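See below for the structure under consideration.
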Number of protein chains: 2
Amino acid sequence: MKKIFILGSTGSIGVNTLNVLRNFSDKFAVSALTVNSNSDLLLKQINEFNPKFVVVKEEEPANKIKEHLPSGCRLLTGNDGLITAAIEAEYDIFVGALVGFAGLAPTVEAIKRGKRIALANKETLVVAGEVVNKYCAESGAQIIPVDSEHSAIFQCMVGEGINEVEKLILTASGGPFLNKDKSSFENATVDEALNHPNWEMGNKISIDSATMMNKGLEVIEAHWLFGLPTDKIEVVVHPQSIIHSMVQFIDGSIKAQMGLPDMKLPIQYALTYPERFENDFERTNLPDIGTLEFFEPNLNKFECLKLAFDALEIGGNAPCVINAANEIAVERFLNREIKFSRIPALIGSALEKIENNKSSDIDTIFDCDRETRKFVKNLN
Amino acid sequence: MKKIFILGSTGSIGVNTLNVLRNFSDKFAVSALTVNSNSDLLLKQINEFNPKFVVVKEEEPANKIKEHLPSGCRLLTGNDGLITAAIEAEYDIFVGALVGFAGLAPTVEAIKRGKRIALANKETLVVAGEVVNKYCAESGAQIIPVDSEHSAIFQCMVGEGINEVEKLILTASGGPFLNKDKSSFENATVDEALNHPNWEMGNKISIDSATMMNKGLEVIEAHWLFGLPTDKIEVVVHPQSIIHSMVQFIDGSIKAQMGLPDMKLPIQYALTYPERFENDFERTNLPDIGTLEFFEPNLNKFECLKLAFDALEIGGNAPCVINAANEIAVERFLNREIKFSRIPALIGSALEKIENNKSSDIDTIFDCDRETRKFVKNLN
């Protein structure tokens with residue numbers, strides 16, 4: 001029986017993780033669940049899955065469920081609570097399902113304990129890839145990616161040597177604005193930007209898809225996960241999101257992993273690897289789908305993707321800067337403070353103005369993150 | 001230095017094998033070459049690759065090159081020569097590149113010696129899969145498929161467990177008649193049938209593509225190579241021939257292998273497996289290709305494909321019968337003796353009339369092959 005810690009259990013990845021675990025209650029048990037504020041859903045999850053630890057980051061919703069907890073279930077709060085749970089709970093697999101920079105610190109604790117990390121929180125590697133890889137090497141922790149693209153690459157790499165890889169080919173749906181003119185970005189609304197054609201996801205990641213920053217962050221994540229340089233990582237637009245990504249080998253052979261756009265599959269794989277467990281998820285029927293298309297990405301139109309490639313080339317804290325700048329820019333767009341077309345401009349300014357400290361020390365990263373956020377909050 | 005035996009060195013697979021070997025002269029040496037009758041090309045190959053054994057099946061062309069052979073190169077003739085060479089030559093990898101039933105006997109000798117078999121001769125498994133697998137188990141011989149479809153599946157299976165396979169999905173270009181009406185088969189000419197849209201191949205296999213019997217034989221081959229039952233092997237029409245085949249696993253994940261339609265890649269893989277060697281073959285650029293399409297195959301139109309599935313279900317010598325019947329029917333079509341539309345009718349008659357001996361003994365197979373050929377030669 002494998003014990004599972006879910007960081008962020010009420011978000012899209014967290015809920016899907018529990019959907020997977022529900023099918024394999026003889027193989028997995030839930031040991032900890034954490035949420036930001038959705039205590040109502042958390043309470044239902046607690047009653048179904050019986051975790052020993054729960055963390056509610058915000059005080060008020062934490063107080064709301066306090067007296068409804070079953071005995072033997074410990075409640076913690078705040079960022080400290082997340083870290084304490086990551087350090088003290090008993091678990092075999094840590095599912096890092098929290099979106100954004102906030103997922104970094106507790107994930108690092110799980111890594112230091114040498115656990116398997118089913119990683120959906122891309123920021124962990126984007127901002128702290130170097131130090132995270134160092135911790136993994138020290139502790140023996142193993143990161144299995146949950147992002148469909150990285151899971152695809154990971155699956156294609158099973159039994160293959162990383163030295164035999166010519167390039168990674170990340171597929172991108174192109175998001176809701178693939179066929180819109182760049183000029184329309186000026187007046188793109190929040191609702192339009194949230195309207196992803198294939199995937200149902202949280203707000204932040206949906207906007208990142210519309211700007212293609214999501215793909216940019218994934219390029220950086222792929223760099224740290226698979227240890228390949230920028231020029232061996234390519235993006236191809238594939239609007240149907242059936243091929244989740246590909247690996248091209250030095251002999252010219254390409255392997256691709258496919259499936260319907262459903263996060264349950266890569267989540268399950270990260271939990272069961274190196275095995276595969278039978279399930280009743282809907283199957284992919286290629287004749288029904290009919291056509292798969294492929295285009296070069298337009299880096300002139302999707303400036304955020306270009307900025308991410310630039311940041312990876314610059315190195316040091318540049319990925320941390322673009323990640324923090326992007327989180328604030330997206331937040332400000334979702335709050336209707338800035339136009340959609342301003343998102344890359346704000347990130348570009350931050351990349352230009354924030355000093356690039358080449359140290360990969362984790363405290364330096366936290367400082368850089370704070371400084372960037374402050375800077376971007378105050379930009380017009 | 002690995003030593004290579006090429007059975008059928010002047011055909012399409014044989015020539016491409018030498019094209020691959022030419023790039024890696026520090027890793028591979030040629031120890032034996034065999035041909036049916038093309039002694040002119042054989043002589044050039046002998047001068048370049050210095051084999052110790054050569055076999056020319058027909059007497060007359062053998063006599064033609066006798067006095068031009070370098071010292072230390074032994075010349076044999078006839079079917080006996082093929083078998084003697086397979087038994088006596090020194091080699092690590094046996095490339096079974098001869099098309100048709102004639103490839104079976106010498107390939108069996110190589111298998112009995114426990115060699116690696118780079119298998120392009122699909123008839124070896126189609127007609128004698130059960131006994132060939134038995135010989136492999138006894139001798140430790142390992143069959144690495146060269147057919148692009150089976151190589152694709154083999155590559156997708158690297159690091160995966162066969163128990164975790166839900167189904168194999170063989171792709172088929174659909175051949176030159178994919179978009180023609182069945183009624184046009186009545187008057188289809190040899191030239192039309194030979195005109196394959198994607199692959200340059202020999203005559204026999206090109207006709208097999210036009211009838212889709214090629215895919216049917218591949219289904220049977222896949223059955224014996226990977227040990228899966230008929231209902232776990234599917235065919236999908238994919239006119240671009242970029243995805244060479246796929247494996248769907250029990251968790252719903254699909255892995256596909258892709259490349260340009262060029263046999264050099266699967267040939268090289270069969271020689272270098274489990275390693276991959278860097279080469280300068282043209283690379284696949286999906287945005288350039290643009291679109292990949294998928295259709296259900298039309299079993300009513302392509303009756304040969306249906307007959308192959310039927311034969312696999314019937315078992316015993318039924319695959320041997322349809323293979324022999326198909327070889328004769330194709331030969332008669334190429335000789336303008338019968339119409340294209342008669343090919344499945346002849347095979348169907350043989351499947352109905354030839355007694356199905358359930359013994360998988362190799363002599364029974366040879367008898368069944370002979371009997372079927374005689375029967376189909378005399379059909380109107």
Side-chain angles (χ1 to χ4, degrees), chain A residues 20 151-152 155-161 163-167 169 171 234 236-238 240 242-244 246 248-260 262 264-266 268-269 272 274-297, chain B residues 20 151-152 155-161 163-167 169 171 234 236-238 240 242-244 246 248-260 262 264-266 268-269 272 274-297:
Chain A
V20 169
S151 176
Q155 291 182 56
C156 291
M157 286 303 302
V158 168
E160 304 277 358
N163 294 334
E164 295 177 353
V165 172
E166 192 161 271
K167 65 182 178 189
I169 306 170
T171 54
E234 231 177 68
V236 167
V237 174
H238 166 47
Q240 291 78 18
I242 295 297
I243 293 185
H244 295 315
M246 296 170 257
Q248 180 170 313
F249 296 94
I250 54 173
D251 60 358
S253 181
I254 294 178
K255 272 160 95 166
Q257 187 270 338
M258 302 189 201
L260 297 175
D262 181 345
K264 291 201 300 298
L265 175 53
Q268 180 183 309
Y269 188 74
T272 68
E275 285 181 80
R276 294 179 183 275
F277 286 1
E278 194 162 359
N279 59 33
D280 61 357
F281 303 164
E282 195 185 340
R283 297 304 194 240
T284 314
N285 184 304
L286 284 171
D288 282 352
I289 293 160
T291 300
L292 303 180
E293 295 169 293
F294 305 91
F295 307 99
E296 301 280 0
Chain B
V20 169
S151 175
Q155 291 182 55
C156 290
M157 286 303 303
V158 167
E160 305 277 358
N163 293 334
E164 295 177 352
V165 172
E166 192 161 270
K167 64 182 178 189
I169 306 169
T171 55
E234 230 178 70
V236 166
V237 174
H238 165 47
Q240 291 78 19
I242 295 298
I243 292 186
H244 296 315
M246 296 172 257
Q248 180 170 311
F249 297 93
I250 54 173
D251 60 358
S253 182
I254 294 177
K255 272 158 95 165
Q257 187 271 340
M258 303 188 200
L260 297 175
D262 180 345
K264 291 201 299 298
L265 176 52
Q268 181 184 309
Y269 188 74
T272 69
E275 284 181 80
R276 293 180 182 275
F277 287 0
E278 194 162 0
N279 60 33
D280 62 356
F281 303 163
E282 194 186 342
R283 296 304 193 240
T284 314
N285 184 304
L286 284 171
D288 282 354
I289 293 161
T291 300
L292 304 180
E293 295 169 294
F294 305 91
F295 307 99
E296 301 281 2

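Note that this is a predicted model, so its numbers are computed, not measured. Naming: A, B, ... by sequence-line order, numbering from 1 per chain.
Ranked by heavy-atom pairs under 4.5 Å with chain B, the list G259(A), S253(A), G159(A) is led by S253(A). In terms of non-hydrogen atom pairs under 4.5 Å with chain B, the most contact-rich of E275(A), E293(A), E164(A), K264(A) is E164(A). Comparing V158(B), L292(B), N163(B) by how many heavy-atom pairs each has under 4.5 Å with chain A, the most go to L292(B). With chain B as partner, the option from H238(A), Q248(A), Q257(A) having the largest number of non-hydrogen pairs under 4.5 angstrom is Q257(A). Top candidate by heavy-atom pairs under 4.5 Å with chain B, chosen from M157(A), K255(A), Q155(A), is K255(A).
Across all their heavy atoms, G252(B) and N279(A) have their closest contact at N-OD1, 4.3 Å.
Contact check for L286(B) versus M246(A): side-chain heavy atoms found under the 4.5 Å cut-off. The shortest side-chain heavy-atom distance between N285(A) and E296(B) falls under the 4.5 Å cut-off. When side chains are defined from C-beta on, M258(A) counts as touching I243(B), because their heavy atoms get closer than 4.5 Å. Using a 4.5 Å heavy-atom cutoff, the side chains of F294(B) and I289(A) are not in contact.
Residue L265(B) touches chain A through its side chain alone, counting heavy-atom pairs closer than 4.5 Å. Looking at F281(B), the atoms closer than 4.5 Å to chain A (heavy atoms on both sides) all sit in the side chain, from C-beta outward.
Sorted by first and then second residue, the salt bridge (charged side-chain N to carboxylate O under 4.0 Å, His left out) pairs with a member in residues 278-288 of chain A read R283(A)-E166(B); sequence neighbours excluded.
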